[in-house]
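First comes the structure, then the notes that go with it.
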Amino acid sequence: MSQHLMNTYGRQPITFTHGEGAWLWSDKGEKYLDALAGVAVNGLGHAHPKLVKTLQTQVAKLIHVSNIYQIAEQATLGDKLAELSGMDKVFFCNSGCEANEAAIKLARLYGHNKGIENPEIIVMEKAFHGRTMATLSATGNRKTQAGFEPLVGGFIRVPFDDLEAVTQIAARKNNVVAVLVEPVQGEGGINIPHDGKAYLEGLRKVCDEHGWLLMLDEVQSGIGRTGTWFAFQHTGITPDVMTLAKGLGSGVPVGACVAKGVAAETFTPGKHGSTFGGNPLATAAGLATLNIIAEDKLRENAEAMGDLICDSLKTALEGVAGIVTIRHAGLMIGIELDRPCTELVKMALEEKLLINVTAEKVVRLLPPLIINAQEAKELVNRLAPLIKKFLNG
Ligand SMILES: *Cc1c(COP(=O)(O)O)cnc(C)c1O
């Protein structure tokens with residue numbers, strides 16, 4: 001391994017050379033079942049033939065031109081995202097943190113436009129919004145922030161899934177401009193509100209009453225992962241702002257900040273930008289991803305496979321001491337144990353299974369949306385005995 005890479009990741013000692021569907025091959029020729037999908041990025045699995053074809057064609061035509069010009073692929077993807085979300089306008093960037101940066105800037109500008117000079121945004125405990133200065137400040141995890149103080153100000157933190165805490169802030173503050181929340185917290189441990197519909201609808205109501213923007217970070221939960229295009233579509237509401245990235249480009253970097261109504265009219269030329277954002281290659285990848293998800297019925301598959309994996313895990317791990325809960329929203333699956341369990345990642349590697357542990361005690365599965373029933377069962381057959389062994393050992 002190179003001595004010239006900054007020490008930002010604790011990497012597993014494995015190199016993959018190619019993949020197909022839910023499977024990856026190492027340089028030693030060993031075949032792994034991918035239950036992580038590049039952390040919710042490779043929704044179409046690896047080397048999806050339709051995606052490969054689109055990208056090959058696009059690369060040969062045009063990769064980048066600059067947002068100084070009209071970009072047809074970007075315009076079409078913008079239309080498509082507006083249609084699927086019921087929202088109005090899209091700003092394209094290259095990652096999740098950038099999409100959230102755009103949302104945070106948008107909310108502040110929205111506040112200033114209303115004469116609020118010191119706008120504040122309500123954010124959640126255990127939230128994850130990225131690693132740039134503003135987004136790590138919005139993130140609710142001290143480890144992400146430690147060593148990078150002074151943090152960016154203007155955030156008020158409340159517990160996740162606590163509508164009352166948000167309502168109380170409305171009573172004592174008049175400079176709030178937005179609420180930023182993940183419909184399902186990913187990095188925080190696959191935390192699903194106890195009544196997600198009531199929570200988001202409650203937040204919508206508070207925001208409407210006070211002229212705040214409801215901003216949903218769907219960087220992990222969006223693009224079919226929970227069984228709908230966006231997690232908010234399990235409820236009756238539409239947010240003012242939604243951020244996307246991870247699954248949108250199937251691995252080609254593309255992020256999006258989507259807005260509706262007054263939020264969609266907030267930015268004007270000069271207020272925000274991105275050199276690469278929405279370039280022809282990235283937006284062709286986004287467009288192909290959305291088309292393939294629709295054609296191959298991958299939202300339906302995500303819902304069915306999420307249920308299958310979760311039910312099978314519950315059966316296989318029934319009565320095992322040390323399991324706190326097994327929970328999921330589509331193919332965002334969390335198995336919470338009563339103790340730290342990062343060791344399981346290595347144990348799974350030995351069984352040729354790629355998983356992740358987040359929030360120390362939660363085994364996180366984010367399989368590709370294309371996973372089939374046989375692969376889903378194989379996943380459970382490999383994972384359940386490992387968890388048992390770990391808890392009993
Ligand atoms: C991964 C993630 C981000 C950050 O995305 P990057 O592309 O790594 O900047 C932001 N929000 C959520 C919910 C995420 O899961």
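Numbering starts at 1 and runs along the sequence shown. Order of listing sets the numbers, starting from 1, for every ligand and every atom in it.
- By the definition of a contact as any protein heavy atom under 4.0 Å away, atom 8 (O) of ligand 1 is not in contact.
- Residue Cys97 places at least one N or O, backbone or side chain, under 3.5 Å from an N or O of ligand 1.
- For the residue pair Asp161 and Asn191, no side-chain donor N or O sits within less than 3.5 Å of a side-chain acceptor on the partner.
- For ligand 1 and Gln220, the ligand atoms under 4.0 Å from any heavy atom of the residue are 15 (O).
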Could you check Val90 against Leu244 for side chain to side chain contact (heavy atoms under 4.5 Å, CB included), going step by step and ending with a plain yes or no?
CA-CA 10 Å; Val90 188; Leu244 300 170; over 6 Å; no
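- Those atoms of ligand 1 that come under 4.0 Å of a heavy atom in Glu182, given as number and element, are 13 (C).
- Using cut-offs of 30° and 60° for the angle between ring planes, the His272 and Phe267 rings count as parallel.
- Looking at His129 against ligand 1, only its backbone comes within 4.0 Å, counting heavy atoms.
- Taking the side chain as every heavy atom from C-beta outward, Glu303 and Leu331 never approach each other to under 4.5 Å.
- Near Asp217, with a cut-off below 4.0 Å to any heavy atom, the atoms of ligand 1 are 10 (C), 11 (N), 12 (C), 13 (C).
- Nearest-residue assignment for atom 6 (P) of ligand 1 (options Ala127, Gly188, Gly96; heavy-atom criterion): Gly96.
- At under 3.5 Å, a nitrogen or oxygen of Lys246, whether backbone or side chain, sits near a nitrogen or oxygen of ligand 1.
- Which parts of ligand 1 touch Ser95 is read off a 4.0 Å heavy-atom cut-off, strictly below it: atoms 7 (O), 9 (O).
- Defined by atom type and a distance below 3.5 Å, a donor-acceptor pair is missing between the side-chain atoms of Trp25 and Glu20.
- Looking at Leu136, Val219, Leu366, Thr358, it is Val219 that brings a heavy atom closest to atom 3 (C) of ligand 1.
- Here the OG1-CZ distance, from Thr139 to Phe155, works out to 9.0 Å after rounding to the nearest 0.5 Å.
- Considering backbone and side-chain atoms alike, Ala245 places every N or O at 3.5 Å or more from each N or O of ligand 1.
- Between the side chains of Thr315 and Ser312, no donor N or O sits under 3.5 Å from an acceptor N or O.
- Contact annotation: for Asn100 versus ligand 1, heavy atoms closer than 4.0 Å belong to the side chain alone.
- Neither side chain, Asn42 nor His48, offers a donor N or O lying under 3.5 Å from an acceptor on the other.
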